Amino acid sequence: MKRLASGWKVSGIAVGFVPTMGYLHAGHISLVHNARQRVGSKGQVVVSIYVNPTQFGPTEDLAKYPRDLAHDKKLCREAGVDVLFVPSNAQMYPEGYSTYVIEEHLSQAMEGASRPTHFRGVTTVVSKLFNLVLPDVAVFGAKDFQQAAIIQRMTRDLNFPVKVVVAPTVREPDGLALSSRNKYLSPIQREQAVILRQSLQHARNAVAGGPVQATRLLDEVGKRIATASEARLDYVEFFNPKTLEPATVVKRGTQMALAVFLGKTRLIDNATL
Ligand code: PAF
């Protein structure tokens with residue numbers, strides 16, 4: 001990968017990059033198309049597939065994270081990906097590995113509070129991938145809103161010469177955001193998973209008429225989620241989309257994010273209200 005990337009640099013070939021953990025779906029492929037559009041037919045589009053162990057907590061789903069490399073290859077080929085980069089754990093974290101990248105501010109709340117070592121793993125692996133692939137543009141999905149904000153901050157703070165693009169979430173017809181983890185859902189959990197999107201919609205409708213206290217919306221969303229027998233709210237937050245500072249008064253333009261367990265599967269979603 002390093003040899004290819006430095007060759008492209010020397011030849012002035014634009015590189016678009018989509019980092020993933022595999023088990024690809026239409027959401028990932030929309031990121032690939034976005035990257036292609038940005039680098040053009042003469043550019044190179046790289047997809048990485050790496051289930052990064054450092055971003056999983058000790059009780060999380062690393063071992064059973066879904067994998068299907070043959071299907072991923074097929075989707076990448078059909079989408080016109082030039083290089084599929086699939087490093088091994090030994091290559092990414094060789095014996096004695098001891099260096100990490102930590103964003104200290106935006107990573108404290110929400111996913112960072114629920115998954116304390118998660119973002120350290122994400123920023124570390126994305127830095128390593130940026131150094132290996134040397135992309136001009138890297139495309140991330142808006143479903144992981146906090147992740148995208150942290151990567152943008154890290155890219156600026158550490159002067160990576162990479163344009164970070166955040167592309168829209170792709171959804172099922174009933175509004176469920178596409179995610180590799182949707183595969184874990186039982187039929188009843190899958191049915192009830194629309195509660196995330198419905199909660200976002202509820203808040204959007206509530207603020208359409210004017211500003212609303214965050215406490216009131218938190219209560220309403222909590223009650224709504226409690227109506228789904230398989231669902232358990234992990235968090236719901238209202239915040240400024242630029243700074244991620246919590247909002248006490250929620251209005252149009254406020255960002256909302258939530259994480260909900262359906263059985264053992266934890267799903268996240270977010271929207272600008
Ligand atoms: O969003 C993901 O799939 C992962 O967090 C990423 C960015 C590929 C890093 O492992």
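Order of appearance sets the numbers: ligands from 1, and atoms from 1 within every ligand. What you are looking at is a predicted structure, and each value in this text was computed from that prediction instead of being measured.
Taking the side chain as every heavy atom from C-beta outward, Tyr50 and Pro19 never approach each other to under 4.5 Å. Counting heavy atoms from C-beta outward, Val122 and Asn52 have side chains that stay 4.5 Å or more apart.
Under the 4.5 Å side-chain contact rule for hydrophobic residues, Val18 and Val39 share a cluster.
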N/O donor-acceptor pairs under 3.5 Å from side chains in residues 4-13, not counting sequence neighbours:
from  : atom 1 : to     : atom 2 : distance (Å)
Ser6  : OG     : Lys2   : O      : 2.8
Ser6  : OG     : Arg3   : O      : 3.4
Lys9  : NZ     : Leu134 : O      : 3.3
Ser11 : OG     : Gly7   : O      : 3.0

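Minimum heavy-atom separation, Ala271 to Arg204: CB-NH2, 3.6 Å. Contact between Val32 and Val81 at its shortest, heavy atoms only, is CG1-CG2, 3.6 Å.
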Distance dump, ligand 1 polar atoms to protein, N/O, under 3.5 Å:
from     : atom 1 : to     : atom 2 : distance (Å)
ligand 1 : 1 (O)  : Gln147 : NE2    : 2.8
ligand 1 : 5 (O)  : Gln55  : NE2    : 2.9
ligand 1 : 5 (O)  : Gln147 : OE1    : 2.7
ligand 1 : 10 (O) : Gln55  : OE1    : 2.6

